Amino acid sequence: MPDSAPRRSLPIIGQAGGGRSRATCRLRCGDACFHEAPNTSANPYFGDIFSAMVSRRNALRAGAVGAGATAGFAALGGLAAPASAKPGKGWGNPRLRFEGLPPGHSDAVEVPEGYEQEVVISWGDPVLPDAPEFDFDNQTPEAQAKQFGYNCDYVGFLPLDRGHGHGYGHGKGRGRGHRPKRALLYVNHEYTNENLMFRGYSDDTATEEQMRTAIEAHGGSVVEIERVGRSGRWKVAGGERRFNRRITGTTPFELTGPAAGDELLRTEADPSGTEVLGMLNNCSGGTTPWGTFLSGEENFNQYFVNADSAPEDVREKLARYGMRGGEEGRRWNRVDERFDLSKNPNEANRFGWVVEIDPTDPDAKPRKRTMLGRFKHEAANPRITEDGRVAVYMGDDERFDYMYKFVSTKRVRWGSARHNATLLDSGTLYVAKLSGNSPAEEFDGSGELPSDGAFDGVGEWMALCTDTESFVEGMSVAEVLVYTRIAADKAGATKMDRPEDFEPNPVTGKVYCALTNNSAREPGQADEPNPRGPNKHGHILEITEAGNDSGATEFTWDVPIVCGDPDDESTYFAGFDKSKVASISSPDNLTFDEHGNLWISTDGQGKLEINDALHAVPMHGKYKGELKTFATVPVGAECCGPLITEDQKTVFIAPQHPGDGGTAEDPQSTWPYGDFPRPSVVSIWHSRGKDIGS
Ligand code: FEO
Ligand code: CA
Ligand code: CA
């Protein structure tokens, strides 16, 4: 960390249980952690032991390891997602070769010695060619609809100069030696912090102009960027920028898949049930092997009011999705009646989906893929199955909610955008049920390792429905997809500690899920996959699919990382010497480098009184568990992104809500330009052109 870095202590006054300010809790999640958890199902906290599976556990394990080096690699050779590395270089003993940062307290992005960082684009910067320059005191919805939106989250990257559009043929002829000069950056704009956007703002006195501006500041951006020389540094591209696009809270979307057109999705304004205006609260996402971006609509519930006056028969379903109250929060119903559930109870059913965006076709309607189910989607990350279909892993970020997987019916066809655009509309939707292999009484919520030395066990992907058949009694296919949480309750899924991002490891094929935290888990509700109650700092779950095949319906699992201050006895870093690892709390978004090191961004390290950060940790070999801090983000921000380019020369992060908890008059951060906080995307590169982390 540079000695000259400005130091400001992290404001912890007014901080909420999640390590964020009350303002963020209200604006981002609709105060999810302050309400009763919406999952009131009787599903067990400790899944029933599948005795048959337990007896097969060792066999599965052995199979997985054997497959990892052979069949697993074949599958991964097909993946070649632009967001991650090409197939791994082998198992080996990867080690991160940078000096880990001390905990962050500054109002800046800090990076290790030898690295440099720079803002690529900030809230308000022009995206469309005719966008006006940003004017903080004269914001309009028309201007915002053409400018970079607020609170950037997921970052996707698609090289432009290795062939794009319909010829985009991932998995063929790509190599890290190729360094694209131009690329498309895709960024989600999860939500707005009106207190920081507008002087003197209050929900009660919000003007129509402010509300409409906030709606336009949601959504996503596609931005052409270009490399600076041969470095890992990227800047907004000059020239035509014909792919640049803003997607907002009013952009038309097509609903596709089995539930599209169902009466549950029809409204007075859209009797077809196939066209929705806008996407909301898009948190993280993923990049498909065929070159599109997936984006998860997360805490959409908070935008809807008057659930308590909705028709009697839908109130319980609304409540399962966190919609219970009268008028609260932003109350956009004042400018658009569709947000009023007493008048438009079906409108809420049109949010909470995974969206697929083709960034190479700026005129195409983005698609909400109903086959992937409806819940608070954090992200959606694909992996190719042994037989060439696509599996998509998804978490429902709610206390005590579930982990899901979709597996397509059709195979990916390399180079055929038209065919691949249909992949996410037919297949099977699964929810996870986990069982531990240690006696239940060994879990008292303290996080102490059980006597067999590992939090581990077996799991099953339970099919909820295909595109033509429901496996949930009393629910049609459309009902399973629209009320996926209720279907999963009935199936007896395992209640998890807020499943966030999923990510497959390009070297080993194992799949990882960030379980960010769960303030509400009682000690008596602790179980082997969620061993702490309360779970203040979260943990990482590792899944090994049977045969290392993402098409499998059985898996083994373990918990390699239990987060927190390493001095805290309840933490665990894969058995690595805890005196040599960094503190981490509330893991959120995940990515991998080509060596199989896991990169973890956090949302809630305020609980440790340190700024949020990007950490990295080897996930196999003798340095497994050696967690180091690679970047820290400004005061009040969470560290979204992260993304490592395929050539391993750049990391993108997206510090979200800097100055969280402050107001426009009294900002607690002035990052990045010294005046008022602006959520921004940042690139980080090695000053001498070395690979990131190596
Ligand atoms: Fe938007 Fe689950 O974090
Ligand atoms: Ca165990
Ligand atoms: Ca997140």
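Quick caveat: nothing in here was measured; it's all calculated off a predicted structure. As the structure lists them, so they are numbered: ligands from 1, and atoms in each ligand from 1.
Using a 30° and 60° split on the angle between ring planes, Phe339 and Phe304 fall in the tilted class, from 30° to 60°.
Rounding to 10 degrees gives 70° for the angle at the Ca ion (ligand 2) between OD1 of Asp452 and O of Ala454. In this structure, OD1 of Asp588 and SG of Cys283 enclose an angle of 150° at the Ca ion (ligand 3), rounded to 10°.
For the pair Leu449 and Phe455, the minimum side-chain heavy-atom distance is below 4.5 Å. Between Asp203 and Arg331 the shortest side-chain heavy-atom distance falls below 4.5 Å. Using a 4.5 Å cut-off on side-chain heavy atoms (C-beta onward), Arg485 and Glu398 make contact. Residues Tyr483 and Tyr321 form a side-chain contact, since some pair of their non-hydrogen atoms from C-beta on lies under 4.5 Å apart. Between Arg399 and Arg521 there is no side-chain heavy-atom pair separated by less than 4.5 Å.
For residue Glu190, an N/O/S atom approaches atom 1 (Fe) of ligand 1 to within less than 2.8 Å. Counting backbone and side-chain atoms alike, Glu378 contributes an N/O/S atom closer than 3.0 Å to the Ca ion (ligand 3). Distances from the Ca ion (ligand 2) show that Glu528 has an N/O/S atom below 3.0 Å. Taking 2.8 Å as the criterion, Asp397 does not count as a coordinating residue of atom 1 (Fe) of ligand 1, since none of its N, O or S atoms falls below it. Under 2.8 Å from atom 1 (Fe) of ligand 1 lies an N/O/S atom of Cys283, whether from backbone or side chain.
A salt bridge is defined here as a Lys NZ or Arg NE, NH1 or NH2 lying under 4.0 Å from an Asp or Glu carboxylate O, and Lys376 with Glu378 fails to meet this definition.
For Asp456, the N, O or S atom closest to the Ca ion (ligand 2) goes by the atom name OD1. Note on Glu298: its N/O/S atom closest to atom 1 (Fe) of ligand 1 is OE1.
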